[in-house]
Amino acid sequence: MTEYTRELSKFLAEHRYEDMPAAAISRAKDVILDTVGCMLYGRTTPAGIRIVDLVVDVCGGGGTATIIGDKRRASLTAATLANGTFAHADEFDDRNTESQTHASGAILGAALAASESKAVSGKQLLRSFVLGHEAVSHVAWPVAPDAFQNGFHPAGQFSTFGAAASAGIVRGLDATRMMYAMGLAVTQASGSTEVAYTSDAKILHTGKGGMAGLWAALMAEKGFTGGSTALEGGAHGVGYLEMITDKPRYQFILQGLGEEYKIVSRVGLKPYSCAGDMHPGIDAIRDAMRKHGLAPSDFTDIRVDSFSIIPTHFDTPNPETRIAALLSYQHCIACQILFGEVTPKQFTDEYINDPEVARIRKLIHVHLDPEIDKRFPKIYSARLTITSTKGTFTEFNDTSRGTPENPMTRAEIEKKFMTLATSSISAARADRIASAIDKLDTLSNVDEFMTLLQGE
């Protein structure tokens, strides 16, 4: 039997920066820039404020690790919890469509904390980030979409493996200790969709995943073992993947390692601050309005046909809370129609309770399309049938803006970063952070970069 856990861990520990293509390094810089922007903005949100107060209280005001956008410090694991939570605070962080996972906040949060008080180069940080995404995908894809459909929330679950890998790389774990870190990650990797979609738990999942993954790496570094068959199972029980689904596709754990870099092929950035599952429909309504000159008053009915989890998880015509609105296809399309954008401010009470937004939401109905569902989760699609005073139109989208197939431009990424970052720090500081990220591969030590991430 193939030793999947051992072989994946060996790749993560031994794959060199020099072996990575320029496209993976360039993409990593873009994704890190986007993630840091989301973290700086997330620090200013109610959830961000609460999580900082919590970790500072727990640490008693002490610690050596940077809380991004804050002058205070915390322990390595507490800072990772805070920084990862910041990243997902407004559903604006990137996502891996193949594994249905928000992972960059956990991966970067754990790597940054692991680099505190160590001489870590920019190349090491970039390597850890790229390979952290490999760990996430190669554990998640063998069980997707079953994990989500069986009630696991991927961001709380699979981000743990990315964080364990990135922190392990920064801490210099060899193949054996990386394998132990993967096993110790298995014992901690979880997340409930039911809880996530009805509470603040969803916001916390990237932070929790980052913290758990960092713990796994630090424990392995100290000599704690984690077994050698955590993913596939062995003589004493089934492996992690079979705990999730009765038909894991084990071959995907190792398939494409060192050839297809997931940060390039599967990780997309978000132009809209809501669940990425709804982005195809938002793009479709935007395109239809442009093509046919439609105004908000023209719409009489909008039918959205999409994949299986849309009717079960994103059909919320009357959201009353922020989390419900973030997961409401009706609310997101209504905001695009009325305001031409879907940004964090559209999920405040002012917009959720707006009578005109409510009117448009009532016109929108979501349905399962079996043909679209056959391609999910590899491809996320939406077909809109729009009935209006100007006629009936159909608009289809399966490459929403921000996906690897239709990426945001560098100018769009930089604009998003500056908009988010300057909610927390000055434009001058934000410019310096962006410049440092662009030059990460030239830094012999990331200490100066870490200093820039602190509050002013």
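- Between the side chain of Thr45 and the backbone N or O of Gly42 there is at least one donor-acceptor pair closer than 3.5 Å.
- Using a cut-off of 4.0 Å between Lys/Arg side-chain N and Asp/Glu carboxylate O, Arg303 and Asp305 are scored as salt-bridged.
- The closest donor-acceptor contact from the side chain of Glu456 to the backbone of Ser426 lies under 3.5 Å.
- The salt bridge (charged side-chain N to carboxylate O under 4.0 Å, His left out) pairs that include a residue from residues 325-347 are Glu341-Lys345, where partners are two or more places apart or lie in different chains.
- Considering every non-hydrogen atom in both Ser273 and Phe347, the closest pair reads O-CE1, 3.3 Å.
- Of all heavy-atom pairs spanning Gln330 and Val366, the tightest one is NE2-CG1, 4.4 Å.
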Handout entry: Test side chain to side chain contact (heavy atoms under 4.5 Å, CB included) applied to Ile437 and Phe449, step by step
Key = CA-CA 8 Å; Ile437 292 171; Phe449 174 57; 3.6 Å; yes
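- Listed by first then second residue, pairs satisfying salt bridge (charged side-chain N to carboxylate O under 4.0 Å, His left out) with a partner in residues 381-393 read Asp298-Lys390, Asp369-Arg383, not counting sequence neighbours.
- Put simply, the side chain of Asp373 gets close to the backbone of Ser308: a donor and an acceptor are under 3.5 Å apart.
- Between Glu412 and Arg401 there is a salt bridge, since at least one side-chain N of the basic residue sits less than 4.0 Å from a carboxylate O of the acidic one.
- The CD atom of Glu91 sits 6.0 Å away from atom CG of Leu327, with the distance rounded to the nearest 0.5 Å.
- Taking the six-membered ring for Trp and the full ring otherwise, the centers of Phe307 and Tyr380 sit less than 6.0 Å from each other.
- For residues 34-54, every residue pair satisfying the salt bridge (charged side-chain N to carboxylate O under 4.0 Å, His left out) rule, not counting sequence neighbours, is listed here: Asp34-Lys416, Arg43-Asp70, Arg50-Asp200.
- Judged by distance alone, the side chain of Thr422 and the main-chain N or O of Ile425 form no donor-acceptor pair under 3.5 Å.
- Between the side chain of Thr387 and the backbone N or O of Thr300, no donor-acceptor pair lies under 3.5 Å.
- Defined by atom type and a distance below 3.5 Å, a donor-acceptor pair is missing between the side-chain atoms of Tyr272 and Gln346.
- Here the side chain of Ser121 pairs no donor or acceptor atom with the backbone of Ser444 at under 3.5 angstrom.
- Of the possible donor and acceptor atoms, none in the side chain of Thr245 sits under 3.5 Å from a partner among the backbone N and O of Glu242.
- Side-chain contact check for Thr451 and Glu448: no donor-acceptor pair (N or O, by modelled atom type) lies under 3.5 Å.
- Between the side chain of Thr321 and the backbone N or O of Ala324, at least one donor-acceptor pair lies under 3.5 Å.
- Tyr4 and Tyr250 have their aromatic ring centers within a separation under 6.0 angstrom.
- Judged by distance alone, with hydrogens and angles left aside, the side-chain atoms of Thr35 form a donor-acceptor pair with the main-chain N or O of Val31 at under 3.5 Å.
- No close placement of the Phe86 and Tyr41 rings is indicated, their centers lying 6.0 Å or farther apart.
- In terms of heavy atoms, Pro404 sits closest to Val264 at CB-O, 3.5 Å.
- Taking the six-membered ring for Trp and the full ring otherwise, the centers of His138 and Phe161 sit at least 6.0 Å from each other.
- Annotation: salt bridge (charged side-chain N to carboxylate O under 4.0 Å, His left out) contacts involving residues 96-113, sequence neighbours excluded, comprise Glu98-Lys262, Glu98-Lys378.
- The residues Arg266 and Glu405 are annotated as salt-bridged, a charged nitrogen and a carboxylate oxygen being separated by less than 4.0 angstrom.
- Side-chain N/O atoms of Glu260 and Ser265 include a donor and acceptor closer than 3.5 Å.
- Every residue two or more places apart in sequence or in another chain was checked for a side chain to side chain donor-acceptor pair (under 3.5 Å) with Asp354, and none qualifies.
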Show which side-chain atoms of residues 101-116 pair as donor or acceptor with protein atoms under 3.5 Å away, not counting sequence neighbours.
| from | atom 1 | to | atom 2 | distance (Å) |
| --- | --- | --- | --- | --- |
| Thr101 | OG1 | Ser99 | O | 2.7 |
| Thr101 | OG1 | Ser99 | OG | 3.2 |
| His102 | ND1 | Asp94 | O | 3.2 |
| Ser104 | OG | Asp94 | OD1 | 2.8 |
| Ser104 | OG | Asp94 | OD2 | 3.1 |
| Ser104 | OG | His133 | NE2 | 2.9 |
| Ser115 | OG | Leu112 | O | 2.7 |
| Glu116 | OE1 | Arg73 | NH2 | 3.4 |
| Glu116 | OE2 | Thr66 | N | 2.7 |
| Glu116 | OE2 | Thr66 | OG1 | 2.9 |

